Amino acid sequence: MSTASPMRRWKALATQHLRWSSPVAKGLVLCIITFGFVLPLCCHKLLYSYYYIKSVYLNDMSDKFLAESYERGEEAFGFWKASRSTAMSPEFANIAKGSELLITIVTARRTEGREFHYLLQVMQRLEILLTGCGEGRRCAEVLVCDVESGTMENEDAALLESRFRVVRRTTEEQRGNQAQVNIFEKEKQDYVYCLRKGWELARPKNVVVLEDDALPSADFFTVIRDLLSRRFALHSLYVKLYHPERLQRYWNPEPYRILEWVGLGLVGASALLLVLSYRTAFTSVSATHFLFFTLYIMVAVELAGRHYLLEVRRLSPQLYAVSPATECCTPAMLFPGNSSLRVAEYLDGSFCVKGNAKDMVLYQMARTISGEWAHSLEPNLVSHIGAFSSVRPNPLRPKLL
Ligand SMILES: CC(=O)N[C@H]1[C@@H](OP(=O)(O)OP(=O)(O)OC[C@H]2O[C@@H](n3ccc(=O)[nH]c3=O)[C@H](O)[C@@H]2O)O[C@H](CO)[C@H](O)[C@@H]1O
């Protein structure tokens with residue numbers, strides 16, 4: 001029988017495990033090098049990584065973002081002003097009925113951030129993309145829905161009238177909409193108005209509604225076409241085309257994300273072990289090794305930033321992932337079939353307030369109404385360029401995070 005004290009036995013065990021050649025020590029060194037040196041070095045400038053050094057980079061990055069947006073806004077303003085004097089053809093002003101896709105852009109006049117001309121930036125991008133579907137046909141019909149009903153004109157929307165169809169409430173409709181409501185209820189009513197107006201004018205097969213600060217990506221129409229060809233789309237109330245990047249982490253738990261996370265860990269660990277056993281003298285693969293490498297990969301991708309991993313999916317429209325809808329935000333929404341009408345009806349039956357704006361109401365709807373399903377697309381199909389909100393108070397100096 002051993003006479004050594006428990007303390008001594010524990011020390012002996014610890015020394016044995018922490019010998020440089022032992023697997024525990026090797027694992028520890030690998031973790032220190034990866035998480036303490038390699039990842040911080042590679043990721044400290046990545047905005048959506050845990051290693052991002054906010055105190056050093058955030059102010060400069062935010063200012064750069066604002067400066068670039070301002071420049072794009074100026075350019076778009078010049079472009080649309082010139083288009084008026086050169087009498088650009090009003091090609092998109094006539095909306096064909098029964099088309100495959102209608103894009104409705106909801107816009108209100110901004111008091112703050114007006115000089116960024118968000119709407120004009122979005123329309124300039126659309127102008128380029130709309131003609132990229134080949135054979136001289138346009139990719140979609142377009143409707144600009146100007147919900148401004150104050151005494152001030154929405155000048156940016158007015159600038160687009162020579163090229164696109166711009167709708168506004170008639171004086172009669174405005175009179176019927178004069179009841180004093182909070183801004184979130186007004187925003188919802190405006191959205192409902194635009195959904196219905198789009199349907200009335202175009203009777204489209206599908207609808208995309210963009211908020212006026214949602215800048216479409218280059219593959220916008222290709223991905224939409226691919227999405228609409230997938231079977232799930234037929235049964236969807238809506239597909240969200242944008243979710244804020246800061247909420248894309250695995251640690252913003254959504255059940256499907258946890259599955260993706262574990263799956264990635266398992267695949268990554270298998271690949272790593274395969275390479276290790278092929279390239280080195282690493283021969284005895286045990287369950288502990290497998291568990292260690294699975295966790296290692298999971299922690300590494302989370303710390304580096306899931307957002308950057310999602311970007312790889314842009315390689316092909318088929319790689320874009322669809323999952324159950326997430327809660328926040330509605331800058332870009334696809335309403336397949338005639339679901340835009342159902343959504344308008346559902347929204348009409350609800351009342352929005354601060355903390356329960358139209359995005360939350362929509363999310364709750366899809367969860368509670370039986371037979372309705374809602375989805376989200378990843379990665380995002382638009383970038384949110386609106387540093388200034390038209391429904392919430394704005395900070396003096398907007399930041400990216
Ligand atoms: C990026 C992001 O997180 N955006 C969300 C945030 O918007 P934001 O706070 O970023 O506001 P925003 O200025 O982008 O406005 C959202 C939309 O509402 C429109 N508008 C504005 C004022 C008005 O009286 N009527 C009107 O229809 C405006 O033209 C735009 O299309 O919160 C909203 C809900 O409150 C939506 O969920 C937005 O998707």
Side-chain angles (χ1 to χ4, degrees), residues 65 69 73 103-114 116-123 126 143-157 160 166-169 173-174 177-198 208-216 238-248 252 325-334 343-344 347 350-365 374 376 380-395 398-401:
F65 174 83
S69 180
I103 312 275
T104 301
I105 300 98
V106 183
T107 181
R109 183 178 185 276
R110 281 167 199 263
T111 34
E112 285 169 283
R114 244 171 63 214
F116 289 85
H117 302 290
Y118 294 132
L119 173 68
L120 299 184
Q121 291 191 46
V122 170
M123 295 312 291
L126 271 179
L143 178 68
V144 178
C145 186
D146 176 10
V147 297
E148 189 57 53
S149 51
T151 45
M152 304 287 269
E153 187 190 38
N154 184 346
E155 295 132 350
D156 284 355
L160 296 166
V166 180
V167 287
R168 299 183 183 86
R169 288 188 178 91
E173 282 169 334
Q174 278 189 35
N177 191 49
Q178 259 172 0
Q180 286 291 317
V181 285
N182 71 75
I183 183 73
F184 297 99
E185 175 60 15
K186 177 178 179 304
E187 184 200 0
K188 182 214 79 184
Q189 289 179 6
D190 290 341
Y191 203 76
V192 170
Y193 166 75
C194 295
L195 285 174
R196 289 192 170 140
K197 204 70 195 171
V208 166
V209 179
L210 296 181
E211 293 179 357
D212 56 1
D213 53 1
L215 193 70
Y238 62 82
V239 185
K240 280 183 57 178
L241 306 177
Y242 174 89
H243 191 61
E245 289 81 357
R246 65 175 197 284
L247 304 178
Q248 284 177 337
N252 289 98
T326 42
E327 225 171 45
C328 158
C329 319
T330 47
M333 306 283 284
L334 167 66
V343 166
L347 282 174
S350 59
F351 190 79
C352 287
V353 286
K354 189 175 174 206
N356 192 40
K358 69 175 193 298
D359 54 335
M360 298 298 288
V361 171
L362 269 171
Y363 177 71
Q364 290 304 335
M365 254 173 219
S376 280
N380 290 334
L381 211 47
V382 299
S383 345
H384 177 241
I385 52 171
F388 296 89
S389 169
S390 53
V391 290
R392 293 179 172 78
N394 290 298
K399 302 263 170 64
L400 283 168
L401 285 178

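Indexing begins at 1, ligand by ligand and atom by atom, following the structure's order. Predicted model only: the values in this text are computed from it and were never measured.
The parts of Asp212 lying near ligand 1 are both backbone and side chain, judged by heavy-atom distances below 4.0 Å. The proximity of Tyr191 to ligand 1, defined as any non-hydrogen pair under 4.0 Å, does not occur for either the backbone or the side chain. Of all the heavy atoms of Ala357, the ones lying under 4.0 Å from any atom of ligand 1 belong exclusively to the side chain.
Within ligand 1, counting atoms from 1 as listed, the ones closer than 4.0 Å to a heavy atom of Phe184 are 35 (O). Taking every non-hydrogen atom of Pro331 and a distance limit under 4.0 Å, the qualifying atoms of ligand 1 come out as 1 (C), 39 (O).
Of all protein heavy atoms, the one closest to atom 32 (O) of ligand 1 is Arg392 NH1, 2.9 Å. At the shortest separation from atom 25 (N) of ligand 1 among protein heavy atoms lies Asp190 OD2, 2.7 Å. For atom 31 (O) of ligand 1, the closest heavy atom belonging to the protein is Val106 O, 3.0 Å. Atom 3 (O) of ligand 1 has as its closest protein heavy atom Cys329 SG, 3.1 Å. Ranking the protein heavy atoms by distance from atom 11 (O) of ligand 1 puts Ser389 OG, 3.3 Å first. For atom 39 (O) of ligand 1, the nearest protein heavy atom (residue, atom name, distance) is Thr330 N, 2.7 Å. For atom 22 (C) of ligand 1, the nearest protein heavy atom (residue, atom name, distance) is Val391 CG1, 3.7 Å. Protein heavy atom nearest atom 12 (P) of ligand 1, with residue, atom name and distance: Ser390 OG, 3.6 Å.
The backbone N or O of Phe184 lies less than 3.5 Å from a partner atom in the side chain of Asn182, making a donor-acceptor pair. Side chain of Ser389 to main chain of Val391: a donor-acceptor pair is present (N/O by atom type, distance under 3.5 Å, no hydrogens or angles).
Considering only heavy atoms from C-beta on, Ser376 stays 4.5 Å or farther from Val239 through its side chain. For the pair Thr330/Lys240, no side-chain contact is recorded, criterion being any heavy-atom separation below 4.5 Å from C-beta on. For the pair Asn380 and Gln248, the minimum side-chain heavy-atom distance is below 4.5 Å. Inter-residue side-chain proximity for Val209 and Cys194 is flagged as unmet; no heavy-atom pair is nearer than 4.5 Å.
Put simply, no part of Pro244 is less than 4.0 Å from ligand 1, judged by heavy atoms.
Of the listed options Glu187, His384, Arg110, Met333, Glu187 places a heavy atom closest to atom 35 (O) of ligand 1. Taking all heavy atoms of Glu211, Gln189, Met360, Glu148 into account, the minimum distance to atom 4 (N) of ligand 1 is reached by Glu211. Closest to atom 14 (O) of ligand 1 by heavy atom, among Asp213, Leu362, Asn394, is Asp213. Of all the listed residues (Lys186, Lys188, Glu185), Lys186 holds the heavy atom that lies closest to atom 24 (O) of ligand 1.
Side-chain contact annotation: Thr326 with His243, donor-acceptor N/O pair under 3.5 Å present.
For ligand 1, one of its N or O atoms has an N or O atom of Ala108 under 3.5 Å away. Among the atoms of Val147, none of the N or O lies under 3.5 angstrom from an N or O of ligand 1.
Comment: Asp359 does not engage Lys188 in a salt bridge, judged by the lack of any side-chain N to carboxylate O separation of less than 4.0 angstrom. Taking the charged nitrogens against the carboxylate oxygens, Arg114 and Asp156 have no contact shorter than 4.0 Å, which rules out a salt bridge.
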For this session: For the pair Lys358 and Glu187, evaluate side chain to side chain contact (heavy atoms under 4.5 Å, CB included) and give the outcome as yes or no after the intermediate values.
Result: CA-CA 8 Å; Lys358 69 175 193 298; Glu187 184 200 0; 2.6 Å; yes
For this session: Begin from the C-alpha positions of Cys352 and Val361 and carry the test side chain to side chain contact (heavy atoms under 4.5 Å, CB included) through to its verdict.
Result: CA-CA 8 Å; Cys352 287; Val361 171; 3.8 Å; yes
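Annotation: cation-pi pair Arg169/Tyr193 present, NZ/CZ under 6.0 Å from the ring centroid and within 45° of its normal.
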